[in-house]
Amino acid sequence: MRLSRYFLPILRETPKEAEIVSHRLMLRAGMLRQETAGIYAWLPLGLRVLNKINAIVREEQNRAGAIELLMPTIQPADLWRESGRYDDYGKEMLRIKDRHEREMLFGPTNEEMVTEIFRGYVRSYKDLPLNLYHIQWKFRDEVRPRFGVMRSREFLMKDAYSFDIDAEGARHSYAKMFVAYLRTFERMGLKAIPMRADTGPIGGSLSHEFIILANTGESEVFCHKDFLDYEAPPADINFDDRAAVQDVVDRWTARYAATSEMHDAPVFEALPEAERVSARGIEVGHIFSFGTKYSEPMRAVVNGADGKEVPVQMGSYGIGPSRLAAALIEANHDEAGIIWPRAVAPFHVGLANLKVGDPATDAACEDLYARLTKAGVEVLYDDRDDRPGAKFATLDLIGLPHQLIVGPKGLASGEIELKDRRTGARESLTPDAAFNRLVAESA
RNA sequence: CGGGGUAUAGCGCAGUCCGGUAGCGCAGUAGUUUUGGGAACUACAGGUCGCAGGUUCGAAUCCUGCUGCCCCGACCA
């Protein structure tokens with residue numbers, strides 16, 4: 001992408017409404033625009049990040065056997081009356097009426113709807129297990145939205161719903177999502193720790209929140225330090241192998257880890273002090289197993305092998321990609337701006353032409369831009385007639401992992417500069433060497 | 001929902017106490033000189049001073065009501 005033809009509205013000063021670093025940087029880097037309290041437009045750079053996050057989430061959901069569909073944002077109130085949640089959900093649910101005065105709502109979650117879809121088609125235990133998910137906008141009318149997209153009213157959520165014939169199957173479905181979540185967050189370069197959690201209005205008995213540690217996190221968390229060294233399971237784990245999948249869950253739940261709501265201070269303090277970690281965290285995922293809470297009242301039943309009709313065992317599994325975008329920045333930034341982990345970076349490389357109009361630099365940049373793009377490396381080419389300092393500042397701010405700096409000085413001796421955004425390390429090398437390096441890394 | 005703050009050009013702000021017809025920096029446009037860490041100069045353009053009502057010869061400024069947004073707290077993916 002040529003910056004001269006892109007839409008990247010960088011702000012030099014921070015809008016005063018932004019308090020926390022991710023919100024400030026997202027506004028300054030031209031990723032977001034607030035339209036009203038808790039509701040944001042995603043500008044092109046922000047959307048690229050969101051799409052990268054979604055792609056990883058999707059790959060790992062698919063790998064774990066979940067199947068993608070897409071449910072609507074607007075739902076009929078009657079569906080929620082069946083589960084009893086229409087009244088329970090309270091003011092957080094945005095209620096609307098259509099032209100026929102029918103009561104509708106903007107979905108804050110989709111248990112009712114997915115259960116309605118399920119019961120319309122599935123009759124036999126032979127069709128189970130089943131896990132359906134979608135990535136769709138949700139609306140929860142928060143009393144006090146804040147921190148940009150970290151706590152917005154409209155937000156993107158990946159929500160998966162599992163259906164099983166019995167409790168043992170449901171446990172396996174839960175374990176599969178547990179493993180998929182560990183992998184998903186690790187691929188984004190985040191250390192997410194599963195913590196026993198309260199089930200809230202979703203209900204159920206078994207629940208874990210996935211928390212990443214960050215100073216600006218909203219919740220206070222406590223865990224064993226061993227978690228910091230745990231590694232996520234490999235991509236080739238066999239999700240159908242119940243024992244293998246359960247082993248991962250057992251390992252990751254053996255040590256103490258809890259949010260403040262579930263914190264058991266005496267147990268935690270019984271640990272040697274050197275093994276305790278108390279920190280702040282950001283919740284980036286939440287999984288629930290809630291049995292027949294919805295299937296029973298909504299009559300989502302199947303025939304078992306014994307010919308008897310039973311309500312299905314369900315679970316739901318959520319990740320907030322829009323919140324993740326902010327959480328990633330909270331975990332990856334410095335004074336100059338964002339530092340994207342490669343997997344979610346909006347572009348891989350920023351190519352800075354330090355002297356637009358100079359035949360040698362123009363030619364070198366055009367050549368690199370064309371070759372890298374053709375090789376599948378995502379390049380943002382700053383071809384604007386601007387001063388070098390401004391270009392450096394912009395590239396640092398938007399945080400692409402690599403900066404390729406092409407100027408007349410270096411070119412005079414046949415070299416350009418490759419800068420690593422995270423370490424700040426710069427290296428002079430030939431354009432061909434830089435090309436090979438970047439292509440090798442994206443392979 | 002309780003408490004606090006704030007609203008003036010795209011962004012950041014001054015002007016409000018003490019009423020006299022709106023200003024600064026950045027960004028924008030044109031030109032000149034510049035060009036390896038957010039350039040300089042000159043010129044230009046950009047405002048129903050959040051909204052409604054009131055007081056006054058005259059309101060960004062005083063009064064009344066309303067609204068938006070932000071922060072702290074309680075609550076939540």
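Letters A, B, ... mirror the listed sequences (proteins, then strands); counts begin at 1.
A donor and an acceptor atom never sit less than 3.5 Å apart when one is taken from the side chain of A:R144 and the other from the base of B:rG3. For A:D386 against B:rG38, no side-chain N or O and base N or O form a donor-acceptor pair under 3.5 Å. Contact of A:K16 with B:rG5 (side chain to base): no donor-acceptor pair of N or O atoms is detected under 3.5 Å.
For the C1' atoms, the distance linking B:rU55 with B:rC62 amounts to 8 Å, nearest Å. Going from the P atom of B:rA60 to that of B:rU16 covers 14 Å, rounded to whole Å. Comparing B:rC17 with B:rU61, their C1' atoms are spaced 9 Å from each other, to the whole Å.
For A:R140 and A:F155, the positive end is not near the middle of the six-membered ring at less than 6.0 Å and at most 45° from its axis.
The ring pair (Phe, Tyr, Trp, His ring centres under 6.0 Å) test with A:F178 singles out one residue from A:F210, A:W252, A:F239, and that residue is A:F210.
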### Message
Pair A:R95, A:E103 - check salt bridge (Lys or Arg N to Asp or Glu O under 4.0 Å), show working.
### Response
CA-CA 7 Å; A:R95 296 151 205 260; A:E103 292 177 279; over 6 Å; no
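Between A:R387 and B:rA39, a side-chain N or O to OP1/OP2 separation shorter than 4.0 Å is present. Applying the 4.0 Å criterion to OP1 and OP2 of B:rG12, one finds that A:T14 has every side-chain N and O outside that range. A close approach under 4.0 Å does not occur between any side-chain nitrogen or oxygen of A:R146 and OP1 or OP2 of B:rC70.
Counting non-hydrogen atoms under 4.0 angstrom, A:Q34 reaches the backbone sugars and phosphates but no base. When heavy atoms are screened at a 4.0 angstrom cut-off, A:T394 is found touching base atoms of the nucleic acid. Base contact: A:E142 has a heavy atom under 4.0 Å from a base atom.
Along RNA chain B, the nucleotide nearest to A:K355 and the one nearest to A:V143 differ in position, and the one closer to the 5' end is contacted by A:V143.
In this structure, the NZ atom of A:K91 is 14 Å from the C1' atom of B:rC75, given to the nearest Å. For A:E17 and B:rC69, the CD to C1' distance is 8 Å, given to the nearest whole Å.
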